[in-house]
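As structure tokens, the structure follows; a few thoughts come after it.
All heavy atoms count here, side chains included; hydrogens, waters and symmetry mates do not. Residue numbering restarts at 1 for every chain, and letters A, B, ... go by the order of the sequence lines. Note that the structure is a prediction, hence the values are computed from the model and not measured.
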Protein chains: 2
Amino acid sequence: MDSLTEENYIKSIYALSLATGEVFVSELAKKLNIKQPSVNSMMKRLATKKVVAYAPYKGIRLTEKGKKEALSIIRRHRLAELFLVKVMELGWEEVHDIAEQLEHVDSKRFYSRMDEMLNFPKFDPHGEPIPDSNGKIYTQKRTALSDLVEGLTATIAAVGEDEKSFLDHLNAKGLQIGDTVTLKKRELFDGSVTLQHKSKKEILLTHQVAERIWVE
Amino acid sequence: MDSLTEENYIKSIYALSLATGEVFVSELAKKLNIKQPSVNSMMKRLATKKVVAYAPYKGIRLTEKGKKEALSIIRRHRLAELFLVKVMELGWEEVHDIAEQLEHVDSKRFYSRMDEMLNFPKFDPHGEPIPDSNGKIYTQKRTALSDLVEGLTATIAAVGEDEKSFLDHLNAKGLQIGDTVTLKKRELFDGSVTLQHKSKKEILLTHQVAERIWVE
DNA sequence: TTAAAAAGTTAGACTATTCTAACAAATTAA
DNA sequence: TTAATTTGTTAGAATAGTCTAACTTTTTAA
């Protein structure tokens, strides 16, 4: 069994390694808000536990065992987020911090009940895939709001960003998951889009924001 | 803020002190499965934090601050248990261990939503009162199954025992919260009772068991 | 291609939590 | 009321996780 701290390291290593496969001590230290020597000694520990492959001055890689554990933690996090939004009706911008704690709860039953209650979901409220209990991930094609054809109407399905400031921004604009919007106009100049919202209001989003919103 | 460990100490001190008001190092050590010197040094720590009043060779008492914290933890635990049973439909015998973990989640919103969803309950599935967010406890008169008049029918409302072995025992007997039973016979000799269960089966319970089941 | 910058490592220290061994105080029982 | 038992305390050590200070390697850039 891993400690809560170890789980957080594993999760971060997985997240950082998605792109490159290898993670550096400095990256991990920054992500976890921890100094490099602390990361260094934790890597030695995780290496003896066969969770990471680690050679001095080389990068950090999760072993198969480590990946499995990472996927299990991510599954718990994303199930928890979806549960908090769908069942407990909390705002999508406030569930991240709670899920961060719930993901460490040690109880298969707790998570399998969530899974059942949510009807075995494949994606969390941010549009991220939820690994199944074997660690398998289903991927899908997602359309960003910034790619929607002018004049078309779509439903906001998820957002691709966990940052509170981003979620607060959407809230302030009056956008919610499930809202139906029509793309009135896309500016060629800067890629910003004007939406017609169900509330009758027109909403202007920059490209930077629109590309992080997924629609169906 | 208290650490998870400190919260567990505070909760146990509160539980043990309910009867006598004072708790001894040895009791606490046994309850927490920890050696006496460890308890001793934690008491010193909690004393500097003004959570307990502690004088060497005297007992341990929670301060007002400590009581407040204990009630807050107990509230979270009991809300979580009720939530797990009522909303997530987990068995009453399996929720204790999960609630033990959920009680440490730091999020007012999480608990206030549970409270709302459960319609501001006053008692948990074991019949224990749930303190409100100010730490206030509502008490009620409870009738034990062992005190029910022969021939009367009642509904199982709660049980006064958290032990897994006890809850497993009831499960094995086929008894669930909400079941309606009729007291057919009480043996004067040993106080054991024979019940007529809705399932048509007759169930025999010892006095020791029947006095820990509350009915309405 | 060498010198500055960035990244990584070691050594040593600190806090939280726990333990064992040894001793001290309080309680109980003969 | 003293001796045995129970309870409580101190001292010292261990582990997990983190830090700062002081290097060492690698990388980057002049």
Legend entry - Distance, rounded to the nearest Å, where A:M42 contributes CE and D:dC19 contributes P: 11 Å
Legend entry - Heavy-atom side-chain contact between B:V87 and A:M117 under 4.5 Å: yes
Inset, instruction - Measure the distance from OH on A:Y9 to C1' on D:dA16 and round it to the nearest whole Å. - result: 11 Å
Inset, instruction - Sorted by first residue and then second, give each salt bridge (charged side-chain N to carboxylate O under 4.0 Å, His left out) pair with at least one member in residues 30-42 of chain A; sequence neighbours left out. - result: none
Legend entry - Distance, rounded to the nearest Å, where A:E22 contributes CD and D:dT27 contributes P: 11 Å
Legend entry - Atom-pair distance (NZ on B:K49; P on C:dA16), nearest Å: 8 Å
Inset, instruction - For B:Y111, enumerate each residue passing the side chain to side chain donor-acceptor pair (under 3.5 Å) test, keeping only those at least two apart in sequence or located in another chain. - result: none
Legend entry - Separation of D:dT18 P from A:L28 CG (nearest whole Å): 11 Å
Legend entry - OP1 or OP2 of C:dT17 under 4.0 Å from side-chain N/O of B:T5: yes
Inset, instruction - Give the B/S/- string for nucleotides 2-14 of chain D, one per nucleotide from 5' to 3', where a protein heavy atom under 4.0 Å of the base yields B, of only the sugar-phosphate yields S, and otherwise -. - result: -----SBBB----
Legend entry - Those residues that, when tested against A:S26, pass side chain to side chain contact (heavy atoms under 4.5 Å, CB included) (two or more places apart): A:F24, A:Q36
Inset, instruction - Specify the separation, in whole Å, of atom NZ of A:K35 and atom C1' of D:dA21. - result: 13 Å
Inset, instruction - Round to the nearest Å and state the distance from B:E6 atom CD to C:dT15 atom P. - result: 15 Å
Legend entry - salt bridge (charged side-chain N to carboxylate O under 4.0 Å, His left out) partners of residues 52-66 of chain B, not counting sequence neighbours, each pair once: B:E64-B:K67
Inset, instruction - Tell me whether the OP1 or OP2 atom of C:dC19 has a side-chain N or O from B:S38 closer than 4.0 Å. - result: yes
Legend entry - Whole-Å gap separating P (C:dT17) and CD (B:E7): 11 Å
Legend entry - Pairing residues for B:K11 by the side chain to side chain donor-acceptor pair (under 3.5 Å) criterion, not counting sequence neighbours: B:E100, B:E103
